[in-house]
Amino acid sequence: MTMLHQDANPAPDADGANPVLRTDFQKSVAAYWNNNPNDDRVNTKLGEVDGLFHHHYGVGEPDWSVIEGPEDTRQERLVKELHRLETAQADMLLDHLGDIGPGDRLMDGGSGRGGTSFMANQRFGCHVDGVTISEYQAGFANDQARERGVTDKVNFHFKNMLDTGFDAGSMRAIWTNETTMYVDLFELFAEFSRLLQPGGRYVVITGCSNDVTGGRSASVSWIDAHYGCNIHPRSEYFKALAANNLVPITVTDLTPATIPYWELRTHSELATGVEKPFLTSYKEGSFQYLMIAADKV
Ligand code: GPP
Ligand code: MG
């Protein structure tokens, strides 16, 4: 018996186009998110608060009283407060998408289990296409879309955001919420530039290493190892945006706004250990939490 396809990725995307997973690295990222090894309890417990499942961090001032009240319900209060800060982060991202109407189509690059996509649809009534290279995540989010009765507007696709196959100029806005550290930024922004309408908006929230403090710090390498990603330097974002006709309109350093989230997370029994390198790198300045909104020209 021949084993011609032994190492090939047999799964086509929904349109029957090229395989979604092109490289061994992409396969390893997909495997990670299909079977999250870092104990996905933290994201699942927070998602169960109100059914919005996030895979990103939080911003804003915590209500510190949650760690002072009765001990038997402290962990429950922490979960709710961490979730509130993560939802506030997604709300802030959506604040930067510009004027979006119900007829507009938006894309979520690396849509995870759908949290930000559902929030966008709730806020704007718009169409949202989420793309993810994890079949598990796409399935989970599509189940949620069915439960929410929004499948006419919100759909998740097992697709590679580097090569979506969607029509050129079909998207009014695109965002990536902490997913760009898995891909080459020049390839990614070339695809986003192709997909965006003229004047369309791209918003990214990301962690990036700080060019000013020099090379990758030990804590940034620790974060990379924890998630299996490759954090880019800050400069790389602006080079890749400029190379693809994406012109920044706002740049926000969210580092001070996210440090309290990480401090609060150290008090949770759901802490994963990654809190330490985040706090160390943010405080020493080797790592930054950045939001960039850019227009396609
Ligand atoms: C958080 O996901 C985001 C990533 C793993 C991408 C890396 C982001 C950086 C800013 C470096 P998550 O919510 O699944 O992580 P956790 O399980 O730690 O909450
Ligand atoms: Mg999380």
Side-chain angles (χ1 to χ4, degrees), residues 25-26 28-49 52-59 78-90 92-93 108-116 132-134 136-137 140-141 161 175-183 185 188 203-210 216-234 236-237 252-255 257-259 261-282 286-292:
F25 175 71
Q26 290 174 4
S28 78
V29 173
Y32 176 104
W33 293 104
N34 283 334
N35 187 17
N36 194 327
N38 286 314
D39 186 355
D40 207 24
R41 243 162 47 93
V42 58
N43 302 305
T44 299
K45 287 277 174 207
L46 267 59
E48 284 166 0
V49 169
L52 282 173
F53 289 80
H54 298 307
H55 284 281
H56 56 76
Y57 312 123
V59 292
L78 271 163
V79 162
K80 283 191 184 142
E81 188 59 4
L82 288 167
H83 185 65
R84 185 183 71 77
L85 298 175
E86 292 186 0
T87 297
Q89 187 265 27
M92 197 186 53
L93 187 158
D108 183 351
S111 46
R113 289 190 288 171
T116 313
T132 170
I133 59 171
S134 160
Y136 159 73
Q137 288 187 330
F140 182 99
M161 66 179 173
W175 73 82
T176 50
N177 200 349
E178 299 182 15
T179 63
T180 47
M181 57 290 295
Y182 290 100
V183 296
L185 296 181
L188 182 72
V203 179
V204 47
I205 295 185
T206 190
C208 58
S209 61
N210 185 358
R216 178 169 304 258
S217 68
S219 290
V220 168
S221 295
W222 180 345
I223 297 168
D224 271 347
H226 181 88
Y227 293 111
C229 61
N230 294 301
I231 290 165
H232 303 292
R234 173 156 46 106
E236 189 91 347
Y237 282 88
T252 315
D253 181 2
L254 298 173
T255 310
T258 195
I259 287 176
Y261 163 86
W262 287 101
E263 302 271 17
L264 189 70
R265 194 165 138 153
T266 64
H267 294 272
S268 172
E269 65 179 13
L270 301 171
T272 62
V274 82
E275 295 75 18
K276 187 163 188 252
F278 269 93
L279 285 166
T280 301
S281 59
Y282 281 147
S286 65
F287 188 53
Q288 298 173 308
Y289 198 45
L290 203 69
M291 176 171 61
I292 307 167

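Whatever order the structure lists them in is the order used to number ligands and atoms, beginning at 1.
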State the atoms of ligand 1, each with its element, that fall below the 4.0 Å cut-off from a heavy-atom position in Val42. 17 (O), 19 (O)
Do you see a donor-acceptor pair shorter than 3.5 Å between the side chains of Thr258 and Tyr282? no
For Tyr227 and ligand 1, does the shortest N/O to N/O distance drop below 3.5 Å? yes
Answer side chain, backbone, both or neither: which part of Ile231 comes under 4.0 Å from ligand 1, heavy atoms only. side chain
Taking every heavy atom of Gly207 against every heavy atom of Ile231, the minimum-distance pair comes out as O-CG2, 3.7 Å
Short N or O distance, Tyr57 and ligand 1, threshold 3.5 Å exclusive: no
Which word best sums up how the rings of Tyr57 and Tyr289 line up, parallel for under 30°, tilted for 30 to 60°, or perpendicular for over 60°? tilted
Sub-4.0 Å heavy-atom approach of Tyr182 to ligand 1: yes
Metal site the Mg ion (ligand 2): N/O/S of Tyr57 inside 2.8 Å: no
Going by the atom numbers of ligand 1, which of them fall below 4.0 Å from some non-hydrogen atom of Arg265? 16 (P), 18 (O), 19 (O)
Nearest 0.5 Å please: distance from the CD atom of Glu81 over to the CG atom of Leu46. 10.5 Å
So the atoms of ligand 1 within less than 4.0 Å of a heavy atom of His56 turn out to be 13 (O)
Of all the heavy-atom pairs spanning Arg265 and Ala271, show the shortest one and how long it is. O-CB, 3.5 Å
Could an N or O of ligand 1 be found under 3.5 Å from any N or O of Thr272, whether backbone or side chain? no
Using a 4.0 Å cutoff against the non-hydrogen atoms of Met181, which atoms of ligand 1 qualify? 6 (C), 7 (C), 8 (C), 9 (C), 10 (C), 11 (C)
At a 4.0 Å cut-off, with the gap strictly under it, does some heavy atom of Glu275 reach an atom of ligand 1? no
For side-chain contact (heavy atoms from CB on, under 4.5 Å), just list the numbers for Thr44 and Arg113, CA-CA rounded to whole Å, side-chain angles, deciding distance to a tenth of an Å, and then say yes or no. CA-CA 10 Å; Thr44 299; Arg113 289 190 288 171; 3.4 Å; yes
For ligand 1 and Asn43, I'd like to know whether there is a polar contact (N/O to N/O, distance under 3.5 Å). yes
Looking at every non-hydrogen atom in both residues, tell me the closest pair between Met181 and Tyr237 and how far apart they are. N-OH, 4.4 Å
Should Trp33 be listed as contacting ligand 1, given a heavy-atom distance under 4.0 Å as the test? yes
Checking Ser219, Ser209, Ser217 against Ser286 for side-chain hydrogen bond (donor to acceptor under 3.5 Å, both in side chains), the one that qualifies is Ser217
Glu178-Tyr227 side chain donor-acceptor pair, cut-off 3.5 Å: no
Atoms of ligand 1 under 4.0 Å from any heavy atom of Gly207, numbered from 1 in the order shown, are 10 (C)
